[in-house]
Amino acid sequence: HTKLPSYALVKMFCCAQGTLCIPVSAHLLLYARPDFSYSVIIYCKTLEDAFKQTAKIAKSGLPFSCVELVDPTLIAELAAQNSLPQSTVQTGNAAAICVQIHGMPEVVADLRKDLSELLPSSALLDLDASAEHSFWQELSRFGQTQDGSWVRFAASKKTLQKIIEASTSLNTKSIWTARPSRHKALFRLPIDENAERFVSEISKLLPGANNEITAAYPSDSHSYQLRQLPDNDLVLMELKRRIKAEYDPRGILNPLAAL
């Protein structure tokens with residue numbers, strides 16, 4: 001990523017779209033648990049508006065703990081399971097922005113006010129402590145289901161938006177979450193939907209992607225299958241797959257990178 005300065009080595013390695021290094025050790029820093037945790041949900045009528053709003057939040061520099069785009073269907077599903085209150089469900093929206101804030105109560109209150117001023121035309125739905133805990137716990141387990149499959153895409157923010165829009169037109173009843181700042185989106189597929197077929201359909205709907213998308217999904221022979229879209233050079237992709245399987249058989253290093 002040429003936008004990063006040469007000394008930002010951690011960011012270069014962590015967000016790289018290829019294998020730039022092989023980690024040999026890791027150091028874990030432990031911090032005290034935040035005094036207070038707070039989350040809001042912001043609904044957006046269009047997917048384009050949702051991506052613009054998340055970009056605006058990111059550019060603000062405000063220290064939010066997490067900003068995630070969520071399919072409104074997922075919120076309705078959690079409300080039906082009593083994991084979220086029914087008041088958090090709104091119909092007729094294309095996406096929901098979920099913002100989490102950690103810190104001392106007065107700091108969290110100030111950040112909540114800053115967020116409201118940053119997005120003056122948006123209504124902020126507050127989650128109580130119990131609902132917030134259940135919500136983020138469910139998001140952390142999203143895609144880990146025995147009743148269906150999953151597909152994870154890595155692409156630019158604009159391409160991620162196109163992927164989600166394309167998935168909507170397929171009528172597969174897939175549910176998605178996305179973190180545009182990390183250039184990733186995760187789809188949970190119903191039990192009757194094949195992951196490889198889903199990826200192929202997305203590829204057909206986005207012929208101009210030109211190798212901008214990498215997809216990862218379960219495989220019978222591997223823990224996951226990597227596929228760069230569109231498959232312009234099958235021989236090259238197979239070579240990349242074999243090299244990665246040799247050096248990274250368990251898919252630990254950059255699992256969304258072909259090589």
Side-chain angles (χ1 to χ4, degrees), residues 38-60 62 64-101 111-112 114-128 130-143 145 148 150-153 155-190 193 198 202 205-206:
Y38 172 83
S39 294
V40 297
I41 296 176
I42 306 165
Y43 280 102
C44 299
K45 293 294 184 182
T46 66
L47 200 57
E48 181 180 5
D49 183 46
F51 271 82
K52 285 182 179 179
Q53 299 283 48
T54 52
K56 190 175 183 179
I57 293 172
K59 290 179 181 179
S60 71
L62 295 172
F64 299 119
S65 302
C66 183
V67 179
E68 185 145 358
L69 278 179
V70 174
D71 188 337
T73 305
L74 176 60
I75 296 178
E77 182 182 284
L78 295 178
Q81 299 171 358
N82 295 321
S83 296
L84 287 177
Q86 288 294 331
S87 59
T88 59
V89 179
Q90 289 189 7
T91 58
N93 296 287
I97 305 173
C98 304
V99 182
Q100 187 178 44
I101 310 170
L111 285 173
R112 203 272 186 200
D114 292 337
L115 180 62
S116 179
E117 294 174 351
L118 183 66
L119 308 175
S121 60
S122 301
L124 277 59
L125 297 177
D126 303 302
L127 296 181
D128 60 35
S130 176
E132 187 210 29
H133 176 75
S134 299
F135 178 68
W136 291 104
Q137 188 177 52
E138 290 296 330
L139 276 189
S140 68
R141 295 197 297 249
F142 182 73
T145 174
W150 56 267
V151 176
R152 189 184 297 273
F153 290 100
S156 66
K157 297 175 184 177
K158 289 184 178 180
T159 305
L160 280 182
Q161 180 181 332
K162 293 179 181 178
I163 291 172
I164 296 173
E165 290 172 343
S167 70
T168 304
S169 67
L170 292 176
N171 295 320
T172 58
K173 297 184 179 180
S174 61
I175 300 177
W176 56 270
T177 67
R179 289 196 183 184
S181 61
R182 297 188 180 182
H183 306 281
K184 295 179 181 179
L186 175 63
F187 286 79
R188 191 184 71 195
L189 306 180
E193 179 64 35
F198 179 78
I202 293 293
L205 292 172
L206 301 174

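Starting from 1, each residue takes its place in the sequence as its number.
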Does the K56 side chain pair with the main chain of L118, one donor and one acceptor, at a distance under 3.5 Å?
-> yes

Answer yes when E165 and K162 have at least one side-chain N-carboxylate O distance shorter than 4.0 Å, and no when they do not.
-> no

Determine, stepwise, if the pair S134 / Q81 fulfils side-chain contact (heavy atoms from CB on, under 4.5 Å).
-> CA-CA 11 Å; S134 299; Q81 299 171 358; over 6 Å; no

Residue pair L62 / L111, side-chain heavy-atom distance below 4.5 Å | yes

How far does CH2 of W136 sit from OG of S39, to the nearest 0.5 angstrom?
-> 5.5 Å

Could you check if a side-chain atom of L205 sits within less than 4.5 angstrom of a side-chain atom of L170, using non-hydrogen atoms only?
-> yes

Identify the two heavy atoms, one from E138 and one from S83, that lie closest to each other, and give their separation to 0.1 Å.
-> OE2-OG, 4.4 Å

What pairs of donor and acceptor atoms, side-chain ones from residues 85-94 against any protein atom, are under 3.5 angstrom apart with sequence neighbours left out?
residue : atom : partner : partner atom : Å
Q86     : NE2  : A79     : O            : 3.3
T88     : OG1  : P85     : O            : 2.6
N93     : ND2  : T91     : O            : 3.3

Gap separating the CG atom of L125 from the CG atom of L127, nearest 0.5 angstrom = 8.0 Å

Matching residue for F187 among F142, W150, F198 - test: ring pair (Phe, Tyr, Trp, His ring centres under 6.0 Å) = F198

Min side-chain heavy-atom separation I202-S167 under 4.5 Å | yes

List the steps, then state whether side-chain contact (heavy atoms from CB on, under 4.5 Å) holds for C66 with V99.
-> CA-CA 6 Å; C66 183; V99 182; over 6 Å; no

Kindly indicate whether the side chain of F51, heavy atoms from C-beta on, has any atom under 4.5 Å from the side chain of I164.
-> yes

May I ask you to test the Q100-E132 pair for a side-chain heavy-atom distance under 4.5 Å?
-> yes

Ignoring hydrogens and angles, state whether a donor on the side chain of Q53 or S122 is under 3.5 Å from an acceptor on the partner side chain.
-> yes

Smallest heavy-atom separation, L160 atom then A155 atom, equals CG-O, 3.9 Å

Please determine if K184 and E68 form a salt bridge, counting it only when a charged side-chain N lies under 4.0 Å from a carboxylate O.
-> no

Which distance, rounded to the nearest 0.5 Å, do you find between the CG of L78 and the CG of L84?
-> 5.0 Å

Find out whether L69 and R179 are in side-chain contact, i.e. whether some heavy atom of one side chain is under 4.5 Å from a heavy atom of the other.
-> no

How long is the span from the CD atom in E193 to the OG1 atom in T172, to the nearest 0.5 Å?
-> 5.0 Å

So, for C44 and A50, which heavy atoms are closest and what is the spacing to 0.1 Å?
-> SG-CA, 3.6 Å

Drop me the distance from D71's CG to W176's CH2, to the nearest 0.5 angstrom.
-> 5.5 Å

Taking all non-hydrogen atoms of both residues into account, name the closest pair between V70 and L74 and its distance.
-> CG1-CD2, 3.7 Å

Among I75, L124, I97, find the one that has a side-chain contact (heavy atoms from CB on, under 4.5 Å) with Y43.
-> I75

First locate atom CD of E48, then atom NZ of K158, and finally report the distance between them rounded to the nearest 0.5 Å.
-> 10.0 Å

